[in-house]
Q: 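Let me give you the structure first, and then I'll get to my questions.
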Amino acid sequence: QVQLVESGGGLVQPGGSLRLSCAASGSIDSISTMGWYRQAPGKQRELVATITFGGSTNYADSMKGRFTISRDNAKNTVYLQMDSLRPEDTAVYYCNANLLIFTSYGRLRDDYWGQGTQVTVSS
């Protein structure tokens with residue numbers, strides 16, 4: 001089964017940094033866009049950043065200059081370097097990937113989500 005597994009979340013003080021990782025595994029032919037989203041209690045899930053296979057990136061306005069998304073195509077892994085963290089960054093962060101996978105019916109393309117990793121920014 002195709003899986004996306006996030007890691008790197010935790011508790012950090014305001015102004016601190018964390019680096020999240022998300023590794024895709026399974027019967028994957030290729031990965032196009034990968035990205036990070038987050039969801040705080042009582043709020044809707046929102047875009048953090050995305051990155052294409054070729055490395056083109058886009059960020060939500062509040063993340064620009066603070067967060068950096070990158071990927072290692074050989075490892076099927078996407079990263080999110082988070083600097084200058086604020087309490088309002090506290091949320092569950094989810095990895096997303098658009099995958100072309102192998103199935104018994106042939107190749108299929110679909111979006112997949114990780115289980116999420118908690119990021120808490122507090123003094």
Side-chain angles (χ1 to χ4, degrees):
Q1 183 178 1
V2 173
Q3 286 188 308
L4 300 177
V5 180
E6 302 103 329
S7 62
L11 175 65
V12 65
Q13 294 183 335
S17 298
L18 285 173
R19 185 172 186 255
L20 307 183
S21 299
C22 173
S25 63
S27 300
I28 300 170
D29 181 57
S30 62
I31 306 175
S32 56
T33 301
M34 304 183 79
W36 291 94
Y37 297 75
R38 69 185 186 185
Q39 188 167 20
K43 300 185 69 176
Q44 294 184 331
R45 188 172 298 184
E46 64 177 347
L47 169 72
V48 175
T50 62
I51 184 168
T52 68
F53 179 84
S56 296
T57 61
N58 74 282
Y59 299 87
D61 288 341
S62 63
M63 309 341 154
K64 292 179 180 178
R66 300 191 301 121
F67 293 4
T68 303
I69 189 170
S70 61
R71 64 190 288 171
D72 186 334
N73 292 330
K75 297 181 179 179
N76 289 342
T77 300
V78 63
Y79 306 93
L80 184 69
Q81 177 66 43
M82 303 185 293
D83 299 316
S84 302
L85 284 163
R86 307 164 181 168
E88 52 264 42
D89 294 320
T90 296
V92 177
Y93 284 70
Y94 295 91
C95 176
N96 173 267
N98 184 262
L99 308 177
L100 183 67
I101 66 172
F102 296 103
T103 74
S104 60
Y105 307 102
R107 296 180 183 182
L108 298 176
R109 182 175 295 281
D110 202 0
D111 286 336
Y112 291 83
W113 292 89
Q115 80 285 356
T117 184
Q118 178 71 47
V119 172
T120 302
V121 185
S122 176
S123 60

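Note: hydrogens, waters and symmetry copies are ignored here, and every other heavy atom, side chains too, is used.
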Q: Is V121 close to P14 at the side-chain level, that is, under 4.5 Å between some pair of heavy atoms?
A: yes
Q: Filter on disulfide (SG to SG under 2.5 Å), then keep only pairs touching residues 13-123, sequence neighbours left out; what's left?
A: C22-C95
Q: Write down the atom of A60, the atom of L47, and the distance for their closest heavy-atom approach.
A: CB-O, 3.4 Å
Q: Does any non-hydrogen side-chain atom of Y79 lie less than 4.5 Å from one of T68?
A: no
Q: Between V48 and L18, is there a shared hydrophobic cluster once you connect ILVMFWY residues whose side-chain heavy atoms come closer than 4.5 Å?
A: yes
Q: Where is the tightest heavy-atom contact between R109 and L100, given as atom of each residue plus distance?
A: NH2-CB, 3.9 Å
Q: Compare every heavy atom of G35 with every heavy atom of I69, then report the nearest pair and how far apart it is.
A: CD1-CA, 4.1 Å
Q: For residues I31 and R71, determine if any side-chain heavy atom of one lies less than 4.5 Å from a side-chain heavy atom of the other.
A: yes
Q: In terms of heavy-atom contacts, does CD of Q44 have more than 12 from other residues, nucleotides or ligands at under 6.0 Å?
A: no
Q: So which atom in Y59 and which in A49 form the shortest heavy-atom distance, rounded to 0.1 Å?
A: CD2-CB, 3.5 Å
Q: How long is the span from the OG atom in S84 to the CE atom in M63, to the nearest 0.5 Å?
A: 13.5 Å
Q: If I compare all heavy atoms of R107 with all of D29, which pair ends up nearest, and what's the gap?
A: NH1-OD2, 3.4 Å
Q: Let me know which of R38, E6, Q118 forms a side chain to side chain donor-acceptor pair (under 3.5 Å) with Y93.
A: R38
Q: Kindly indicate whether the side chain of Y37, heavy atoms from C-beta on, has any atom under 4.5 Å from the side chain of V92.
A: no
Q: Any chance you could measure S27, atom OG, to L99, atom CG, to the nearest 0.5 Å?
A: 11.0 Å
Q: Would you give the length of the straight line joining atom CG of N96 to atom OG1 of T33, rounded to the nearest 0.5 angstrom?
A: 9.0 Å
Q: In terms of hydrophobic clusters joined by side-chain contacts under 4.5 Å, are F67 and I51 together?
A: yes
Q: What's the separation between atom CZ in R19 and atom CG in D83, rounded to the nearest 0.5 Å?
A: 11.0 Å
Q: Does D89 pair with R86 as a salt bridge, N-O distance under 4.0 Å?
A: no
Q: Could you check if a side-chain atom of N76 sits within less than 4.5 angstrom of a side-chain atom of S25, using non-hydrogen atoms only?
A: no
Q: At what distance, to the nearest 0.5 angstrom, does CG of D110 lie from CD1 of I101?
A: 7.0 Å
Q: Which distance, rounded to the nearest 0.5 Å, do you find between the CD of Q13 and the CG of L85?
A: 11.5 Å
Q: Within a radius of less than 6.0 Å around CZ of F102, do more than 12 heavy atoms belonging to other residues, nucleotides or ligands occur?
A: yes
Q: Quick one, S122 with L11, criterion side-chain contact (heavy atoms from CB on, under 4.5 Å). Give me CA distance, side-chain angles, the key distance, then yes/no.
A: CA-CA 7 Å; S122 176; L11 175 65; 4.3 Å; yes
Q: Of all heavy-atom pairs between V119 and M82, which one has the smallest distance, and what is that distance?
A: CG2-CE, 3.8 Å
